[in-house]
Amino acid sequence: MPELPEVHTVLEGLQSALEGRQISALHSYYPGTVSYDPALDYEPFPARVIAGIRRGKYMILNLDNATSLIIHLRMTGKLIYEAQPNEVHKHERARFELDNGAAIRFFDLRTFGKIILLKSENLQNYLPKLGAEPLSPDFTAQYLLQKLKGRKAPIKNLLLDQSIVAGLGNIYVCELLYRARIRPETAGDKITLQQAKEMVKHTVDVLNEAILVGGTSVSDYRRIDDKTGEFQHFLRVYHKEICPLGHEVKRIRQGGRSSFFCPLCQK
DNA sequence: CAATGATCCTGTCCGC
DNA sequence: TGCGGACAGGATCATT
């Protein structure tokens, strides 16, 4: 599932594929994948990308005509660059055509991914309230503690809340809690300053390590050249039977999702 | 406001 | 071999 490191990797690939190019058209093959800001009363293409920004799991592309694109891959979205694009695939939901005949194809088996075209000035209306970027200086133990104050929900659920920390998903939350030696069921308001510090440190570490190897491919995630990431080889508890110390990993359900943790390593 | 649960979607896997 | 059901889960919406 694309989380921060995967979105980061895809955005980098997207930017290099679009470098010096013009997007000549956007085609949509599935209703609901591409949507348009009603204020967009002009034809947005052709246009050039002048900036690519990641915010949480959202990719934002600013075009040279005051138009922006928001792309969210959700669970199964993939952006794949092809110099000589094939015919439309069963799971292809949209396609960007470039001025050199290449294409960026948006595949999305489960159709939850979104592409939004909007006036750049309206960007804030199309992004939800997002919490701190975990790789920014805003993400501190103090920030986290303040957000967790009075929250009875399990820390696992709270770390998945994008309005608290933007960009974490199921995989990295399981991994960072293992590294921080904290049980996923721990109530938010029971987290100590020391634990908050551990969480911040290990969040930053695990995300940076994953970015270095192009993200985690557990199912559908691919880079823009259709290659897998490599961080799945370094996971310690997610979808594991035993942790690196040889203890049995337990699997529980929290908020409808699987949590993996080691009852011996995590307190 | 906070917490929980349903919903959207389709391919894969498991048990019988 | 085939079938039904569980599962995968990010974000949003409804309910309590």
Side-chain angles (χ1 to χ4, degrees), chain A residues 1-11 28-35 54-60 70-79 88-94 106-116 123-131 133-134 144-177 184-191 207 210 215-222 228-229 231-232 235 237-241 249-261:
Chain A
M1 318 304 137
E3 306 177 29
L4 188 153
E6 292 74 37
V7 175
H8 172 98
T9 304
V10 170
L11 181 58
S28 163
Y29 309 121
Y30 185 88
T33 297
V34 180
S35 59
R54 183 194 55 71
R55 183 76 178 95
K57 300 173 198 169
Y58 294 82
M59 288 179 267
I60 300 155
I70 298 176
I71 305 175
H72 199 301
L73 303 172
R74 292 288 189 99
M75 277 108 60
T76 56
K78 291 190 273 188
L79 285 169
V88 177
H89 180 271
K90 184 179 167 191
H91 298 146
E92 188 172 356
R93 309 306 180 189
F106 185 70
F107 299 92
D108 188 17
L109 171 69
R110 272 173 265 181
T111 70
F112 294 171
K114 299 281 178 239
I115 298 173
I116 305 170
L123 192 56
Q124 290 316 314
N125 305 336
Y126 286 86
L127 288 176
K129 294 275 166 276
L130 293 169
E133 279 293 329
L144 200 50
L145 274 186
Q146 181 251 316
K147 286 288 187 185
L148 298 178
K149 205 151 100 184
R151 302 293 298 260
K152 305 282 184 206
I155 187 64
K156 165 73 188 307
N157 303 33
L158 296 170
L159 290 173
L160 287 174
D161 183 340
Q162 302 298 300
S163 70
I164 297 178
V165 191
L168 301 179
N170 207 31
I171 298 173
Y172 295 106
V173 169
C174 290
E175 291 296 309
L176 83 88
L177 285 175
E185 316 97 302
T186 310
D189 63 357
K190 292 279 190 283
I191 295 292
L207 294 178
T216 303
S217 293
V218 285
S219 58
D220 299 82
Y221 165 69
R222 292 295 182 276
T228 62
F231 197 69
Q232 63 276 16
L235 297 175
V237 285
Y238 184 81
H239 269 293
K240 295 286 178 190
E241 300 284 329
V249 168
K250 222 179 144 190
R251 176 182 186 147
I252 58 174
R253 280 192 86 74
Q254 294 183 288
R257 266 164 280 179
S258 290
S259 294
F260 297 84
F261 72 101

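Lettering follows sequence order; numbering is per chain, from 1.
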Using atom [atom1] of [X] as one end and atom [atom2] of [N] as the other, report the distance to the nearest whole Å.
X: Gln254(A); N: dG9(C); atom1: CD; atom2: C1'; result: 14 Å
X: Asp161(A); N: dG10(C); atom1: CG; atom2: P; result: 13 Å
X: Phe106(A); N: dC9(B); atom1: CZ; atom2: P; result: 14 Å
X: Lys156(A); N: dG10(C); atom1: NZ; atom2: P; result: 8 Å
X: Leu158(A); N: dA3(B); atom1: CG; atom2: P; result: 6 Å
X: Met59(A); N: dA11(C); atom1: CE; atom2: P; result: 12 Å
X: Arg257(A); N: dA6(B); atom1: CZ; atom2: P; result: 14 Å
X: Arg253(A); N: dG9(C); atom1: CZ; atom2: P; result: 8 Å

Close side-chain approach of [X] and [Y], heavy atoms under 4.5 Å:
X: Leu177(A); Y: Val237(A); result: no
X: Tyr221(A); Y: Leu73(A); result: no
X: Val173(A); Y: Glu3(A); result: no
X: Tyr30(A); Y: Asp108(A); result: no
X: His239(A); Y: Gln232(A); result: no
X: Leu11(A); Y: Ile60(A); result: no

Side chain of [X] (C-beta onward), nearest among [options]:
X: Leu160(A); options: dT12(C), dG10(C), dT4(B); result: dG10(C)
X: Tyr58(A); options: dA11(C), dG9(C), dA3(B); result: dA11(C)
X: Thr111(A); options: dA3(B), dC9(B), dG11(B); result: dC9(B)
X: Lys57(A); options: dA11(C), dC9(B), dA3(B); result: dA11(C)

Taking only N and O in the side chain of [X], is any of them less than 4.0 Å away from OP1 or OP2 of [N]?
X: Lys90(A); N: dG11(B); value: yes
X: Arg110(A); N: dG9(C); value: no
X: His72(A); N: dA11(C); value: yes
X: Gln162(A); N: dA11(C); value: yes
X: His91(A); N: dC9(B); value: no
X: Lys152(A); N: dA3(B); value: no

(message) Looking at Glu185(A) and Lys156(A), is there a salt bridge between them, counting it only when a charged N and a carboxylate O are closer than 4.0 Å?
(response) no
(request) Give the angle between the helix axes at the two ends of the helix from dA2(B)-dT16(C) to dC16(B)-dG2(C), taking five base pairs at each end and rounding to 10°. (result) 60°
(message) Return whichever of Phe112(A) or Pro128(A) has its heavy-atom-nearest nucleotide of DNA chain C closer to the 5' end.
(response) Phe112(A)
(request) Assign Ser258(A) to base, sugar-phosphate, or nothing according to its heavy-atom contacts below 4.0 angstrom with the strands shown. (result) sugar-phosphate
(message) For Lys78(A), give me all partners under side chain to side chain contact (heavy atoms under 4.5 Å, CB included), at least two apart in sequence or on another chain.
(response) Ile80(A), Phe107(A), Arg222(A)
